[in-house]
Amino acid sequence: NAGSQDAYLVRLDYTAPDTEPPVIQGCEAVNLYATNESGAVATYSWIKASDNVDPDPEVEFEPPAGTLLPLGTTNITVRARDASGNTNEC
């Protein structure tokens, strides 16, 4: 048809990039009690991470869980990383 105009619908799917780091819960100071005179075994069961996109962000501890911590004060670093590579630590 001369003069006819065809209309086309174009669909564009866009997903905004995930730029928010995971949130770590449970980073407050905690006392672990020694099981013997050598110290206490590091356990971190109360520390959790959540993310706005990744349902299961990776969590790492330094020193790792299972490490025998000496008597006294030991600083622990917790790092969380989501599937997009965003990180947080406490």
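For this chain, numbers begin at 1 and follow the sequence in order.
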Apart from V10 itself, which Ile, Leu, Val, Met, Phe, Trp or Tyr residues share its cluster (side-chain heavy atoms under 4.5 Å, direct or through members)?
L12
Just grab all the disulfide bond (SG atoms under 2.5 Å apart) pairs involving residues 23-90, residues at least two apart or on different chains.
C27-C90
Qualifying residues under side chain to side chain donor-acceptor pair (under 3.5 Å), relative to E60, sequence neighbours excluded
none
Quick note, ring pair (Phe, Tyr, Trp, His ring centres under 6.0 Å) partners involving residues 66-90, not counting sequence neighbours, are none
Review item, side-chain donor-acceptor pairs of residues 47-59, under 3.5 Å, at least two apart:
unit_1	atom_1	unit_2	atom_2	d
K48	NZ	S45	O	3.0
S50	OG	Q25	NE2	3.0
D51	OD2	V53	N	3.0
D51	OD2	D54	N	2.8
D54	OD1	D56	N	2.9
D54	OD2	A83	N	2.8

According to the ring pair (Phe, Tyr, Trp, His ring centres under 6.0 Å) rule, which pairs have a member within residues 69-90, sequence neighbours left out?
none
For residues 10-34, which residue pairs pass the salt bridge (Lys or Arg N to Asp or Glu O under 4.0 Å) check, not counting sequence neighbours?
R11-D13
Going by the ring pair (Phe, Tyr, Trp, His ring centres under 6.0 Å) test, which pairs reach into residues 23-48, not counting sequence neighbours?
Y44-F61
Listed by chain and number, what are the side chain to side chain contact (heavy atoms under 4.5 Å, CB included) partners of Y14, not counting sequence neighbours?
A16, P17
Pairs of donor and acceptor atoms involving the side chains of residues 62-80, under 3.5 Å and at least two apart or interchain, shall be tabulated with distances.
unit_1	atom_1	unit_2	atom_2	d
T67	OG1	P64	O	2.7
R79	NE	E89	OE1	3.2

Quick check: does any side chain N or O of N88 sit under 3.5 Å from a backbone N or O of P22, one acting as donor and the other as acceptor?
yes
